Amino acid sequence: MKIIVLNDSSLPDPTGNVEKRCAATPATTTRLCKKGISVYVESNAGLLSGYSNKEYEETGASIIDDVNDMLPEADIVVAVNKPTEEQLALLKKGAIVVGHLDPFFEQPLIESIAQKGLTGISVEMIPRSSRAQKMDALSSQASLAGYVMVMQAASLLPSILPMMMTPSGTIKPAKVFIIGAGVAGLQAIATAKRLGASVLAYDTRPVVAEQVESLGGKFLHIDIGETGQTKDGYAKALTEEQKAIQQEAQRDAIASSDIVITTAQLFGRKPPVLIQKDTLALMKPGSVVVDMAAQSGGNVEGSVAGEVANVNGVTVVGTGNWSQSVARAATDMYANNVYNLVDEFYDAESSAFGLDLEDDILSGCVITHDGAITSDMLTNAYKGA
Ligand code: NAD
C-alpha cells in the first residue's frame, strides 16, 4: 500500500492562510513504514510544524519533490485540508483521500471527488464515539484552539489573569466568561483557571454544567426551555425566543467580564450569533472578546475573520486558525489521528485499507465511494433538508 502525505502549505487557501500543520510526523511515518506501508512525503510538508525532510527520510519514508509524479500510484492521500482539483484528477479510481474536506461547505469539491470514483474520508465526520476518539481530529484541534484562545486573550488584555497581592496593592483575578463548553470551551476553562482567572461558562446543553464545575468554573444557569442535543452530542439550533432569552441573560456576565471567549458551533451549520454590538458596548475599554467562529460566520457582531478588531474600545479577536499557532502540537495530534485511522483499518495480509462501509466509524466518515456521495447527512444538507 502506498500513502502520500501532501504538503498542505503549498495548497491554495482562499483566505490567504498558509497551512502550517502536516498530516504526518516522523513518529507516525516510522510506525507506518514498520507495517510495510510505503510512505511518500511531499517535500517540506513538515517544515512549518518543525519537521525536516531528513527526519522523515530517516524513518524510511521517501521525500518527493513533484507530488504529481506519484499521485497516480497512491492508494491513500493524506492531507490536513483538501487536495486541489488538479491533484484529484491524477488519482486512480478507488484511491482514498483523507483530510478536513469541509463537506458541508464544499459541495462542488465533494461531488467532484465522488464523480472521480475516489473514496473521500472527511475527518470532520468521524463519529464522536469512544472507539473513534483516537482519530477525532475535530476534538484534537479544538482542544488546542481552546488553549490558544485564552493565551491570545491574555496577551492582549491590559491586565493580568491571576490575583496578585503585593505591598503595592491587590489586583483582583480577571473575570473570564466562556460561552459554549464543548471540547474547545472546556479546554479554555481549564487554561484560564490554571492562569488564575475567575471563570464563568454557559452552554445550551445543561449536561455540561457538571464538567464546567469539575474544572473549577462556575456555570451560568439560564432557563431557555427545552434545548437538547443530537444523537452525536451536538447542540440543536435555538428558536428566536430562546436566543433572545439567552442574550438578555448573558448581558450582565459579558458586561462585567475582562475576557469573553465564544466557542458555540452548530455542526454542519452557520454558528449562532451570541453577542450583539449593544452588549459589546457594555464592556470595559480594553476588554477582550475572542470569537472562535469568526471565520465561519461569527458568534460576535463586529468580529472580522482573520483579524483583531477594535470595536468601541473592546478588542475583538477573530484571527482563527487557532491550532496553527501551535503548529507542532497540532501536527503531532492530527498526525496521530490520521495514523490511528489507517492503523484501525489496515489489513496487513492484503496490504490494503479495509473499507468496510458497515463499520460504525467508516459509515460516518466515508462520504464518497464508488462514484457516489455515501453520507445521508450530506445529501440531505445539499438538498437543503
Ligand atoms: P461544537 O464545536 O459543535 O460546539 C461547541 C459548544 O457550543 C457545544 O458544547 C454546544 O453545545 C455549544 N453551543 C451551541 N450553541 C450554543 C449557544 N447558542 N450558546 C451556548 N453554547 C452553544 O461541540 P464540540 O466541542 O464538538 O462537542 C460536541 C459534543 O460532542 C460535546 O458533548 C462533546 O463532549 C462531545 N464529544 C464527544 C466525543 C466522544 O465521545 N468521543 C468526542 C468529542 C466531543
Side-chain angles (χ1 to χ4, degrees), residues 1-8 10-14 19 22-24 32 37-42 45 64 66-127 132 135 137-138 268 334-335 337-347 350-383:
M1 187 168 90
K2 288 183 179 164
I3 293 191
I4 297 191
V5 181
L6 291 185
N7 176 356
D8 275 85
S10 69
L11 299 174
D13 174 315
E19 178 59 69
C22 178
L32 291 168
I37 298 172
S38 306
V39 183
Y40 299 85
V41 179
E42 186 178 358
I64 36 175
D66 189 350
V67 77
N68 291 353
D69 291 345
M70 274 307 296
L71 285 173
E73 288 181 44
D75 298 300
I76 305 186
V77 175
V78 296
V80 177
N81 299 308
K82 317 166 255 283
T84 61
E85 279 285 357
E86 294 69 29
Q87 290 173 330
L88 292 170
L90 292 170
L91 294 172
K92 66 183 178 206
K93 198 165 176 287
I96 300 173
V97 178
V98 181
H100 288 86
L101 303 180
D102 200 10
F104 289 98
F105 303 98
E106 290 281 0
Q107 184 176 349
L109 179 85
I110 304 307
E111 285 169 348
S112 159
I113 294 178
Q115 277 154 17
K116 291 181 174 67
L118 303 170
T119 298
I121 296 187
S122 159
V123 295
E124 297 95 328
M125 304 284 279
I126 287 175
M135 312 164 203
L138 277 191
Y334 181 65
N337 297 144
V338 171
Y339 170 79
N340 289 328
L341 175 79
V342 174
D343 178 47
E344 183 81 11
F345 298 104
Y346 180 63
D347 175 31
S350 58
S351 182
F353 189 92
L355 255 182
D356 172 8
L357 297 181
E358 302 292 307
D359 177 89
D360 287 351
I361 297 175
L362 293 180
S363 63
C365 65
V366 171
I367 56 167
T368 67
H369 182 64
D370 212 9
I373 295 176
T374 50
S375 159
D376 291 345
M377 208 196 281
L378 276 186
T379 40
N380 287 336
Y382 293 165
K383 277 190 233 143

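The shown structure was predicted, so the numbers you read here are calculated from the model rather than taken from an experiment.
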Checklist entry - Is there a side-chain contact (heavy atoms from CB on, under 4.5 Å) between Ile113 and Leu88 once you walk through the steps? => result CA-CA 7 Å; Ile113 294 178; Leu88 292 170; 3.8 Å; yes
Calculate, to the nearest 0.5 Å, the distance between atoms [atom1] and [atom2] belonging to [X] and [Y] respectively.
{"X": "Ile3", "Y": "Asp75", "atom1": "CD1", "atom2": "CG", "answer": "8.5 Å"}
{"X": "Phe345", "Y": "Asp356", "atom1": "CZ", "atom2": "CG", "answer": "8.0 Å"}
{"X": "Lys93", "Y": "Lys116", "atom1": "NZ", "atom2": "NZ", "answer": "13.5 Å"}
{"X": "Asn81", "Y": "Leu11", "atom1": "CG", "atom2": "CG", "answer": "7.5 Å"}
{"X": "Asp66", "Y": "Leu71", "atom1": "CG", "atom2": "CG", "answer": "8.5 Å"}
{"X": "Ile126", "Y": "Cys365", "atom1": "CD1", "atom2": "SG", "answer": "5.0 Å"}

So, does [X] use its side chain to make a donor-acceptor pair with the main chain of [Y] at under 3.5 Å?
{"X": "Ser122", "Y": "Leu101", "answer": "no"}
{"X": "Asn380", "Y": "Asp376", "answer": "yes"}
{"X": "Asp8", "Y": "Cys22", "answer": "no"}
{"X": "Thr119", "Y": "Val366", "answer": "no"}
{"X": "Thr379", "Y": "Ser375", "answer": "yes"}
{"X": "Thr368", "Y": "Leu118", "answer": "yes"}

Which heavy-atom pair separates [X] from [Y] by the least distance, and what is that distance?
{"X": "Glu85", "Y": "Ser112", "result": "OE1-OG, 2.9 Å"}
{"X": "Leu6", "Y": "Gln87", "result": "CD1-OE1, 3.7 Å"}
{"X": "Leu357", "Y": "Ser363", "result": "O-CB, 3.3 Å"}
{"X": "Phe353", "Y": "Val342", "result": "CE1-CA, 3.9 Å"}
{"X": "Val77", "Y": "Ala74", "result": "CG2-CB, 3.8 Å"}
{"X": "Glu73", "Y": "Lys92", "result": "O-NZ, 3.6 Å"}

Next on the checklist: Before you tell me yes or no, could you show the steps for Met1 and Ile76 under side-chain contact (heavy atoms from CB on, under 4.5 Å), namely the whole-Å CA-CA distance, both residues' side-chain angles and the distance that decides it to 0.1 Å?
Outcome noted: CA-CA 8 Å; Met1 187 168 90; Ile76 305 186; 3.7 Å; yes
Next on the checklist: Test side-chain contact (heavy atoms from CB on, under 4.5 Å) on Leu378 and Met125; report intermediate values, then the result.
Outcome noted: CA-CA 10 Å; Leu378 276 186; Met125 304 284 279; 4.3 Å; yes
Taking the side chain as C-beta and beyond, is there a heavy-atom pair between [X] and [Y] under 4.5 Å?
{"X": "Ile64", "Y": "Asp69", "value": "no"}
{"X": "Lys82", "Y": "Asp102", "value": "yes"}
{"X": "Pro127", "Y": "Asp360", "value": "no"}

Checklist entry - Applying the side-chain contact (heavy atoms from CB on, under 4.5 Å) test to Val123, which of Val98, Val80, Val78, Leu138 qualifies? => result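 So the option named by the test is Val98.
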Checklist entry - So Ile4 and Glu42, side-chain contact (heavy atoms from CB on, under 4.5 Å) or not? Walk me through it. => result CA-CA 7 Å; Ile4 297 191; Glu42 186 178 358; 5.6 Å; no
